[in-house]
Colleague: 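Sharing a structure below in structure tokens format, with a few things to ask.
Atoms within each ligand, like the ligands themselves, are counted from 1 in listed order. We're numbering straight along the sequence, starting at 1.
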Amino acid sequence: MKELQSYLGGAWVSGDGDVKEVVNPSTGEALASLRSVGDLAEAVAHARSVGGKNLRAMSLPQRGEMLKALAKLMHEHREELLELSVRSGGNTRGDAKFDVDGATGVLGTYAYLAKSLGEGPWIAVSDPVEVMRGSKIKAQDVLVPRHGLAIHINAFNFPAWGMVGKLAVSLLAGMPVLSKPATSTVALAARIGEIIVESKIIPEGAFSLLVGSAGNLLDQVEAQDVIAFTGSADTGLRIRSHEAVMKSGARVNVEADSLNAVVIGPDVEQGSELFDLVIRDCVTELTQKAGQKCTATRRILVPQSRLEAVREALLDRLGEIASKTGDTSQDGVRMGPLSTRAQLDDARAGIKVLEASARRILGDPERSDFGADGFFLEPVLLEATEDAAKDPAAAFHNHEVFGPVATLLPYDGTVEAAASIIAAGEGSLVSTLYTDDRGFAATAVAEMAPYLGRLVVASEKSAGASISPGCVFPVVVHGGPGRAGGGAELGGTTGLALYMQRTTIQGGGSQLARML
Ligand code: NAP
């Protein structure tokens, strides 16, 4: 069996921890083994000094060319990576494309963005302004690469997009990266790491890969470092409150749990294209990657008058997918397993928590006849009463079940009621509004947006071109307030700013013009 290794200090190394196995979640078959590395002091110092210097010696356009070459490399290895994604992540081929092609897409987008950022070692992000009216002294803001290490700690659900997406932004910003994928699905991330290292596209020290647990990584954190973490709120809190992280004041970006909602406007008629879109999107968001997406829909707000129609349509479509859940290497399978036995146990326990506030109307969490020995959970749909939906303490407003699970929440069709239900989630990555009523949409923006990183508005007119709301484009911000972690990744230059220091340069107007 292949042993996965870490790439640290410019060399492939085996760890010294206990041997762990990673398995195919569709079958339980062992795919590879690994051992965690305990001491990361030298690896971090090497990446920070050697990698940082090498990257900062490159201009922004040169770094953009590097990303373009990496995108091409990913594309050349696409078939191999898709196949590994199916085997190691329990993904359908469609799920695998979402992860792998999504990764290539971020590289391509940031390579293109590099062309508009100028030739200098910094990015000017404001025009010069007089510090006082009539003064010759002006001030202008620039972004410069931080002189530390970008530490990327990723969740298990997107081993390609999570790792490569963060890498693209950091490298363009000029920060070296140490990437720590989640252990359970590390096989894909490790293979991408091998391909990247073999290609020698990234200069020495600017890319390190840590397989297995984090060892003493956080003890190494210094003031110029950036930690970009994706995962559960509990781990996020542990990272934020780590002594070295707090003492150093290093920058920390957290992407955590999210109870994303969709709001079906009272004007959405059964039989309309918009109604069909609602159902299509809900089914995609519940079942793509078996619901293991941070942006998956967890709460479906339905006006009482549309409840029966929405319920029936969803039961029909999700029931069909339940009958096609299984080993994703087999033809005709529409949804795969959860990533690990522990995730399955967590999801089953989470459904019980939701059942305290809502009744289950579809799916048997204990079902086991999937024709393979994997970690399967069929789609589960719950329904609350209108009164329960309004209760901010109800479980579906504060407990994320990371699987193909959502709850129907009836509401009275007013934007005020919908907004207060959204707010009860205490901060989400994304919510979607389906309506043709402009007044409803405008009020919703004002009332809901403070609780969201992204608000998708879908209408009858745009229904044909609409893209399921869980798809995160590199040009839009990914992150959300409160429970979602308060982070902001991607979003073009917003994402770059995470890895760069915004500094005001203040001086004589002509001096600034010459410098910047
Ligand atoms: P997790 O258990 O929090 O793990 C996330 C990462 O943190 C893994 O790489 C894990 O490593 C690492 N980790 C665990 N303990 C650590 C520690 N003490 N110090 C440093 N690193 C540590 O989360 P998960 O189970 O992988 O992901 C599921 C959760 O992620 C869900 O709750 C979901 O909402 C959230 N998520 C959020 C987003 C988003 O963008 N907002 C995206 C995807 C997932 P090991 O694997 O080695 O333990």
Side-chain angles (χ1 to χ4, degrees), residues 4 6 15 17-18 20 22 34-37 40 89 98-99 102 151-163 165-166 178-187 189-190 209-221 227-245 252-260 289-298 338-347 350 398-403 405 425 427-430 452-454 470-472 476-491 495:
L4 305 177
S6 295
D18 294 341
K20 283 187 195 156
V22 292
L34 60 90
R35 298 174 71 186
S36 299
V37 176
L40 291 148
F98 197 64
D99 188 21
I151 296 173
H152 294 165
I153 301 177
N154 280 308
F156 69 84
N157 54 345
F158 285 105
W161 179 79
M163 179 170 94
K166 284 185 171 73
L178 186 148
S179 187
K180 192 216 118 26
T183 300
S184 58
T185 56
V186 67
L209 175 75
L210 177 63
V211 306
S213 58
N216 66 358
L217 180 60
L218 296 179
D219 295 337
Q220 317 307 322
V221 170
I227 302 173
F229 166 76
T230 300
S232 63
D234 287 350
T235 310
L237 181 61
R238 233 174 294 146
I239 290 172
R240 271 190 172 125
S241 55
H242 187 281
E243 196 182 350
V245 176
V252 183
N253 189 82
V254 171
E255 304 287 351
D257 305 354
S258 184
L259 293 154
N260 313 297
K289 289 193 65 73
Q292 299 170 107
K293 276 192 327 188
C294 49
T295 50
T297 298
R298 308 291 176 200
L338 301 193
S339 287
T340 58
R341 164 72 54 200
Q343 285 299 321
L344 177 58
D345 293 345
D346 261 17
N398 54 56
H399 191 80
E400 182 194 40
V401 180
F402 213 55
V405 181
S428 309
L429 294 171
V430 59
L452 303 173
R454 184 160 56 97
C471 182
V472 176
V476 305
V477 172
H478 177 56
R483 185 189 305 283
E489 289 186 305
L490 299 174

Colleague: Could you report the tightest heavy-atom contact between Ala190 and Leu209, atom names first, then the distance?
Modeller: CA-CD2, 4.0 Å

Colleague: Should one rank Asn260, Ile153, Thr230, Val254 by closest heavy-atom distance to atom 5 (C) of ligand 1, which comes out on top?
Modeller: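 The option holding the nearest heavy atom is Thr230.
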
Colleague: Starting from atom 11 (O) of ligand 1, which protein heavy atom do you reach first, and at what distance in Å?
Modeller: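 Looking only at protein heavy atoms, the one closest to atom 11 (O) of ligand 1 is Lys180 NZ, 3.0 Å.
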
Colleague: Starting from atom 33 (C) of ligand 1, which protein heavy atom do you reach first, and at what distance in Å?
Modeller: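 Residue, atom and distance for the closest contact: Phe402 CE1, 3.3 Å.
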
Colleague: Quick one: does Pro181 get a heavy atom under 4.0 Å from ligand 1?
Modeller: yes

Colleague: Tell me the contacting part of Thr295 for ligand 1: side chain, backbone, both, or neither, using a 4.0 Å heavy-atom threshold, strictly below.
Modeller: neither

Colleague: Counting heavy atoms only, which part of Ala214 comes closer than 4.0 Å to ligand 1: side chain, backbone, both or neither?
Modeller: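 Near ligand 1, Ala214 shows its side chain, while the N, CA, C and O stay back.
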
Colleague: Looking only at heavy atoms of Phe229, does any of them come nearer than 4.0 Å to an atom of ligand 1?
Modeller: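 Flag set, Phe229 near ligand 1.
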
Colleague: Pick out which of Leu34, Leu178, Leu40, Leu210 makes a side chain to side chain contact (heavy atoms under 4.5 Å, CB included) with Ser6.
Modeller: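 Going through Leu34, Leu178, Leu40, Leu210 one by one, the side chain to side chain contact (heavy atoms under 4.5 Å, CB included) with Ser6 is satisfied by Leu210 alone.
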
Colleague: Of the side chain and backbone of Arg238, name the one, both, or neither that has a heavy atom under 4.0 Å from an atom of ligand 1.
Modeller: side chain

Colleague: Are any non-hydrogen side-chain atoms of His478 and Leu429 less than 4.5 angstrom apart?
Modeller: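 Touching, per the 4.5 Å side-chain cut-off.
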
Colleague: Within the 4.0 Å heavy-atom shell around Ala182, which atoms of ligand 1 are there?
Modeller: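 Reading through ligand 1 atom by atom, the close ones are 8 (C), 9 (O), 46 (O).
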
Colleague: Please check whether Glu400 reaches ligand 1 - meaning an N/O of the residue sits under 3.5 Å from an N/O of the ligand, judged on distance alone.
Modeller: yes

Colleague: Could you go through the side chain to side chain contact (heavy atoms under 4.5 Å, CB included) check for Asp219 and His242 one step at a time?
Modeller: CA-CA 8 Å; Asp219 295 337; His242 187 281; 3.0 Å; yes

Colleague: Specify the protein heavy atom at minimum distance from atom 22 (C) of ligand 1: its residue, its atom name, and the distance to 0.1 Å.
Modeller: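 Heavy-atom neighbour on the protein nearest atom 22 (C) of ligand 1: Thr235 CG2, 3.6 Å.
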
Colleague: Answer yes or no for Ala256: is there a heavy-atom contact with ligand 1 below 4.0 Å?
Modeller: yes

Colleague: Is His478 close enough to touch ligand 1? Criterion: a residue heavy atom under 4.0 Å from a ligand atom.
Modeller: yes

Colleague: Decide whether the shortest distance between a heavy atom of Lys293 and an atom of ligand 1 is less than 4.0 Å.
Modeller: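 Contact absent.
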
Colleague: Could an N or O of ligand 1 be found under 3.5 Å from any N or O of Gly231, whether backbone or side chain?
Modeller: yes

Colleague: Any N or O of Ser258 that comes nearer than 3.5 Å to an N or O of ligand 1?
Modeller: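 There is no such contact.
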
Colleague: Would Ser213 count as a polar contact of ligand 1, with the cut-off being nitrogen or oxygen pairs under 3.5 Å?
Modeller: no

Colleague: Check Pro481 against Ser428 and note the closest heavy-atom contact, atom names and distance.
Modeller: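 Minimum heavy-atom contact is CD-O, 3.7 Å.
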
Colleague: As a check for students: among Ser232, Ser179, Ser428, identify the option with a heavy atom nearest to atom 23 (O) of ligand 1.
Modeller: Ser232

Colleague: State the atoms of ligand 1, each with its element, that fall below the 4.0 Å cut-off from a heavy-atom position in Ala155.
Modeller: 26 (O), 27 (O), 43 (C), 44 (C)

Colleague: So, for Asn260 and Thr295, which heavy atoms are closest and what is the spacing to 0.1 Å?
Modeller: ND2-C, 3.2 Å

Colleague: Residues in salt bridge (charged side-chain N to carboxylate O under 4.0 Å, His left out) with Glu489, at least two apart?
Modeller: Lys166

Colleague: Check ligand 1 against Gln343 and write out every atom of the ligand that is under 4.0 Å from a heavy-atom position of the residue.
Modeller: 25 (O)

Colleague: At their closest point, which heavy atom of Ala155 faces which heavy atom of Gly231, and how far apart are they?
Modeller: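 Closest pair (atom of Ala155, atom of Gly231, distance): CB-CA, 4.1 Å.
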
Colleague: Closest approach of Lys20 and Ser36, non-hydrogen atoms and distance?
Modeller: NZ-OG, 4.0 Å

Colleague: Could you check whether any side-chain heavy atom of Phe402 comes within less than 4.5 Å of a side-chain heavy atom of Asn157, counting everything from C-beta outward?
Modeller: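 The answer is yes, as the side chains (C-beta and beyond) meet within the 4.5 Å cut-off.
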
Colleague: Is atom 46 (O) of ligand 1 close to the protein, meaning a heavy atom under 4.0 Å from it?
Modeller: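 Given the 4.0 Å limit, the answer for atom 46 (O) of ligand 1 is yes, a protein heavy atom qualifies.
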
Colleague: Could you check atom 32 (O) of ligand 1 against the protein and tell me its nearest heavy-atom contact, residue, atom and distance included?
Modeller: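 The protein heavy atom lying closest is Asp257 OD1, 2.9 Å.
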
Colleague: Between Val430 and Val472, is the side chain to side chain contact (heavy atoms under 4.5 Å, CB included) condition met? List the steps.
Modeller: CA-CA 10 Å; Val430 59; Val472 176; over 6 Å; no

Colleague: Does any N or O of ligand 1 fall below 3.5 Å from an N or O anywhere on Phe156, backbone included?
Modeller: yes

Colleague: Applying ring-ring contact (aromatic ring centres under 6.0 Å, His included), can you list everything that pairs with Phe229, at least two apart in sequence or on another chain?
Modeller: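 In terms of ring-ring contact (aromatic ring centres under 6.0 Å, His included), with neighbours along the sequence ignored, Phe229 is linked to no residue.
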
Colleague: Please say which of Thr235, Val245, Val254 ends up in a side chain to side chain contact (heavy atoms under 4.5 Å, CB included) with Arg240.
Modeller: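 Answer after filtering Thr235, Val245, Val254: Val254.
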
Colleague: If I compare all heavy atoms of Phe156 with all of Ser184, which pair ends up nearest, and what's the gap?
Modeller: CB-OG, 3.4 Å

Colleague: Heavy atoms only: which of Asn154, Leu218, Leu34 is nearest to atom 6 (C) of ligand 1?
Modeller: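 Ranked by closest heavy atom to atom 6 (C) of ligand 1, first place is Asn154.
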
Colleague: What's the shortest distance from atom 38 (C) of ligand 1 to any protein heavy atom, and which residue and atom give it?
Modeller: Cys294 CB, 2.9 Å

Colleague: Looking only at protein heavy atoms, which one is nearest to atom 48 (O) of ligand 1, and what is the separation?
Modeller: Thr183 OG1, 4.6 Å

Colleague: Indicate whether the side chain of Ser232 and that of Asp234 have a donor and an acceptor atom separated by less than 3.5 Å.
Modeller: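 Absent: no donor and acceptor within the cut-off.
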
